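Everything numeric here is computed off the predicted structure, so don't read it as measured data.
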Amino acid sequence: MALMSPSFRSGGNLSVLLENGVVVAFLALGQTFVLLTGGIDLSVGSNIALTGMLAALTMAAGFPWWVAVIVALLVGIAVGLFNGLIVHYMKLPPFIVTFATFGITASIPKILTNAQSVNIADPMFAVIGRGSLAGIPTPVILVVIALLIFMFVLHRTPYGVHLYAVGGNKETSRLAGINIARVTISAYVVSGICAAFGGLITMSRLMVGYPSAGSGNEQFYSIASSVVGGVSLFGGSGTILGAFIGAILIATVSNGMNVLGVPSFWQPLVIGVIILGGVTLDGYRRAAAARHSGLRRIRRNRNKDNPPESAAEPMPAPAGKTPGSS
C-alpha cells in the first residue's frame, strides 16, 4: 500500500491509522477473553453506543467528566455481567445471548434521547480521545496499558491458566476444581469494560454523543482481529498480543483502502476473506495437532503393550546359583 500511495506512509496518516485502530483494538482485547472460553460477544458494537451515550447524558445533567467515565465503565461491566450470567447459568449459546443483548443495548440510547445526538461541553473529556503525551495520542497509550495488563493476567496469573483450561475443556476444568462460573462471567465483564473504553474514546474524539455509534464494522472487525491474530473460535488457544497485532493489521488494511480510494462497501468483503482464511488455517492447525497427539498416544500405548525384549527377560542368575536359592 505504501508503494501504491506515498501518502500512506506519511506520519500524519500513521497517526490517523493508530487513532482509528484503537477502538477496534480495545474491542479485540476484550473479545479475546471471551473467545478463549469458547464463547463470542456480539454486543460490543452496540455497547459502544450505550456507554458513550450514558457518559454524554451524565455530563449533560451537570456532572463532571470523571463521573461520566465511571458511569460508562459501570454500564460496560453491567452488560458483560448480564451476558456472562445468562450464558453460564441458563446454558444458552453465547451467539444467541449476545446477539439479543446487541439489540437491547442498541435500542436503549435511542429510546433515552429519541435518537438525537447530545453535545458534550466539558473540555476535559476531550483529553481521552484527543489528548496526547509526549506526542503519543492518549487513546494509543490507554490501549497499550490495557495490552500489558492483559498479557500479565493471561500469562502470569492462575486466572489466565484457568481461562485457557475452561476454553480447552469445561468438564475437565470443573473436575480439576476450577470455578467455571467465575471464569466465564469475568471474561464477558472484561469484554464489557473494553467496549466502554471504546465508547468513551469514540465520544471524546467527536465531543458528541450519538446513539448510532458502534453500528458500523467495529464488532465485525473485533472478531476478525482476534481470529487473524491466532485466537481460536473454538476456545483455549491464542494470545492477547496476537489479537492486538491482528487489530493493527485490520486497521492497516482498512486505512490503506481508504487512502487508495477503495469504496467503503468493498472493505467488509476484504475483511471477510481475511477472517475466512484465518478460520481455515486455524481448523487445519487444530486437526494437525489432534492427529499428532493421537499418533503419540498410539505409540505410547503400543510401547506399554510390547515392552522391549531386554526389559521383559529376567535377569540372569549369578554364577553358581539357581533362581530361588539363598
Side-chain angles (χ1 to χ4, degrees), residues 16-35 40-59 65 68-83 98 101-102 104-106 108-109 117-118 120 125-131 137-147 149-150 187-226 229 240 243-244 246-248 250-251 254-255 271:
V16 170
L17 187 157
L18 291 175
E19 291 178 4
N20 290 340
V22 161
V23 173
V24 173
F26 259 117
L27 298 183
L29 296 182
Q31 191 76 248
T32 298
F33 275 74
V34 177
L35 291 176
I40 194 169
D41 190 353
L42 300 180
S43 65
V44 292
S46 58
N47 206 357
I48 288 177
L50 178 63
T51 54
M53 282 299 299
L54 288 178
L57 290 172
T58 300
M59 286 181 282
W65 68 274
V69 170
I70 294 175
V71 168
L73 293 176
L74 290 177
V75 171
I77 291 172
V79 172
L81 193 62
F82 174 83
N83 285 333
T98 57
T101 306
F102 164 79
I104 296 170
T105 53
I108 291 175
S117 299
V118 176
I120 299 173
F125 187 70
V127 175
I128 299 174
R130 298 182 182 181
T138 303
V140 176
I141 296 174
L142 291 175
V143 77
V144 170
I145 292 174
L147 170 66
I149 293 173
F150 291 161
Y188 285 94
V189 168
V190 170
S191 181
I193 293 173
C194 289
F197 272 106
L200 289 170
I201 291 170
T202 299
M203 304 306 174
S204 175
R205 290 184 62 187
L206 301 173
M207 290 302 285
V208 173
Y210 60 102
S212 60
S215 60
N217 296 318
E218 287 87 353
Q219 88 180 8
F220 180 48
Y221 286 177
S222 72
I223 299 172
S225 300
S226 300
I240 203 77
F244 181 75
I248 295 176
I250 297 299
S254 178
N255 175 267
I271 303 300

- Message: With a 4.5 Å cut-off on side-chain heavy atoms, are Thr51 and Phe197 touching?
- Response: no
- Message: Any heavy-atom pair between the side chains of Phe244 and Thr32 that's under 4.5 Å?
- Response: no
- Okay, side chain of Thr138, backbone of Gly131: is any donor-acceptor separation there less than 3.5 Å? yes
- Do Ser225 and Val24 come close enough that some side-chain heavy atom pair is under 4.5 Å? yes
- Message: Test your reading of the model: is there a side-chain donor-acceptor pair from Thr98 to the backbone of Leu42, 3.5 Å cut-off?
- Response: yes
- Does Thr58 use its side chain to pair, donor to acceptor, with the backbone of Leu54 at less than 3.5 Å? yes
- Message: For a 4.5 angstrom cut-off between non-hydrogen side-chain atoms, does Phe82 reach Ser43?
- Response: no
- 4.5 Å side-chain heavy-atom contact, Leu50 and Asn47: yes
- From OG (Ser226) to CG (Leu29), nearest 0.5 Å: 8.0 Å
- Which residues satisfy the ring-ring contact (aromatic ring centres under 6.0 Å, His included) test with Tyr221, sequence neighbours excluded? none
- Message: Is the ring pair Phe33/Phe150 parallel, tilted or perpendicular, if the boundaries are 30 and 60 degrees?
- Response: perpendicular
- Query: Hey, are Gln31 and Ser222 close enough side-chain-wise for a donor-acceptor pair under 3.5 Å?
  - Reply: yes
- Item | Minimum heavy-atom distance Val143-Ala25, with the two atoms named | CG2-CB, 3.8 Å
